[in-house]
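Step one of this worksheet: look at the structure below.
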Amino acid sequence: QWQLVESGGGLVQPGGSLRLSCAASGFTLGDFVVAWFRQAPGKEQEGISCAGKDDGITYYADSVKGRFTVSRDGAKNTVFLQMDNLTPEDTAIYYCAVTSFIRITSDQKKCLSPYRYDAWGQGTQVAVSA
């Protein structure tokens, strides 16, 4: 059974950091494009990053570029989202998702759109507040 589990969320002060994890079971995460999305109250879902399978491509939304970094650990079958210099605007539920449509990385807009993603985690809450 395919499963994605996010963890690492919590409450942090502005300017602080968190590292989210997305652990996969039942399949090899390295065979898929992996993306992170977030949903803030009253706002549309936002794609914030997507990382290609093995093409070296990683996209970030402008809202997080320079502050967030995605990395993979194949041995742990996990993808991480390092979030630095957090602001209250980063408060949201964060989800990871995967797609087998490897060529999605040829188009940044599609890569950061939720519509081609096959499996999703349950989300982890991030709250940034003083």
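When a residue number appears, it is its place in the shown sequence, counting from 1.
- Listed by chain and number, the residues in a side chain to side chain donor-acceptor pair (under 3.5 Å) with Asp54 amount to none (sequence neighbours excluded).
- Criterion: ILVMFWY side-chain heavy atoms under 4.5 Å apart, direct or through other members. Under it, Ile57 and Phe37 are not part of a common hydrophobic cluster.
- Residue pairs meeting the salt bridge (Lys or Arg N to Asp or Glu O under 4.0 Å) criterion with at least one partner in residues 67-85, sequence neighbours excluded, are Arg67-Asp90.
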Would you list the atom pairs, donor with acceptor, under 3.5 Å between side chains in residues 3-16 and any protein atom, with sequence neighbours excluded?
{"residue": "Glu6", "atom": "OE1", "partner": "Gln122", "partner atom": "N", "Å": "2.9"}
{"residue": "Glu6", "atom": "OE1", "partner": "Gly123", "partner atom": "N", "Å": "2.8"}
{"residue": "Glu6", "atom": "OE2", "partner": "Cys96", "partner atom": "N", "Å": "2.8"}
{"residue": "Glu6", "atom": "OE2", "partner": "Gly123", "partner atom": "N", "Å": "3.4"}

Is there a side chain to side chain contact (heavy atoms under 4.5 Å, CB included) between Ser17 and Met83? Walk through the geometry before answering. CA-CA 5 Å; Ser17 298; Met83 307 188 297; over 6 Å; no
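- No side-chain heavy atom of Trp36 sits less than 4.5 Å from a side-chain heavy atom of Arg38.
- When hydrophobic clusters are built by joining Ile, Leu, Val, Met, Phe, Trp and Tyr residues whose side-chain heavy atoms come closer than 4.5 Å, directly or via intermediates, Ile102 is grouped together with Tyr117.
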Without placing hydrogens or testing angles, list every side-chain donor-acceptor pair under 3.5 Å for residues 20-34, not counting sequence neighbours.
none

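- Separation of atoms OG1 (Thr58) and CZ (Phe68) is listed at 15.0 Å; rounding is to 0.5 Å.
- The side chain to side chain donor-acceptor pair (under 3.5 Å) search around Tyr95 returns none, not counting sequence neighbours.
- Rounded to the nearest 0.5 angstrom, Ser63 OG and Glu89 CD are separated by 10.5 Å.
- Hydrophobic cluster membership differs between Ile93 and Val79, with clusters built from Ile, Leu, Val, Met, Phe, Trp and Tyr side chains linked at under 4.5 angstrom.
- Not a single donor-acceptor pair under 3.5 Å links the side chain of Tyr94 to the backbone N or O of Leu81.
- Under a hydrophobic-cluster definition in which Ile, Leu, Val, Met, Phe, Trp and Tyr are linked whenever side-chain heavy atoms come within less than 4.5 Å, directly or via other members, Ile48 and Leu18 are assigned to the same cluster.
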Mind running side chain to side chain contact (heavy atoms under 4.5 Å, CB included) on Cys50 and Ile104 for me, showing each step along the way? CA-CA 9 Å; Cys50 66; Ile104 200 172; over 6 Å; no
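- No donor-acceptor pair under 3.5 Å is formed between the side chain of Gln39 and the backbone N or O of Glu46.
- Residues forming a side chain to side chain donor-acceptor pair (under 3.5 Å) with Thr124 (at least two apart in sequence, or on another chain): none.
- Lys43 contributes atom NZ, which lies 9.0 Å from atom OG1 of Thr91 (distance to the nearest 0.5 angstrom).
- Side-chain atoms of Gln108 do not come within 3.5 Å of backbone N or O of Leu112 as any donor-acceptor pair.
- When atom types are taken as modelled, the side chain of Ser49 and the backbone of Tyr60 share no donor-acceptor pair closer than 3.5 angstrom.
- One hydrophobic cluster, built from ILVMFWY side chains closer than 4.5 Å, cannot hold both Phe80 and Val64; they sit in different ones.
- Distance NZ/Lys53 to CZ/Arg103: 14.0 Å, rounded to 0.5 Å.
- A donor-acceptor pair is defined here as one N or O able to donate and one able to accept, closer than 3.5 Å; no such pair exists between the side chain of Thr105 and the backbone of Gly52.
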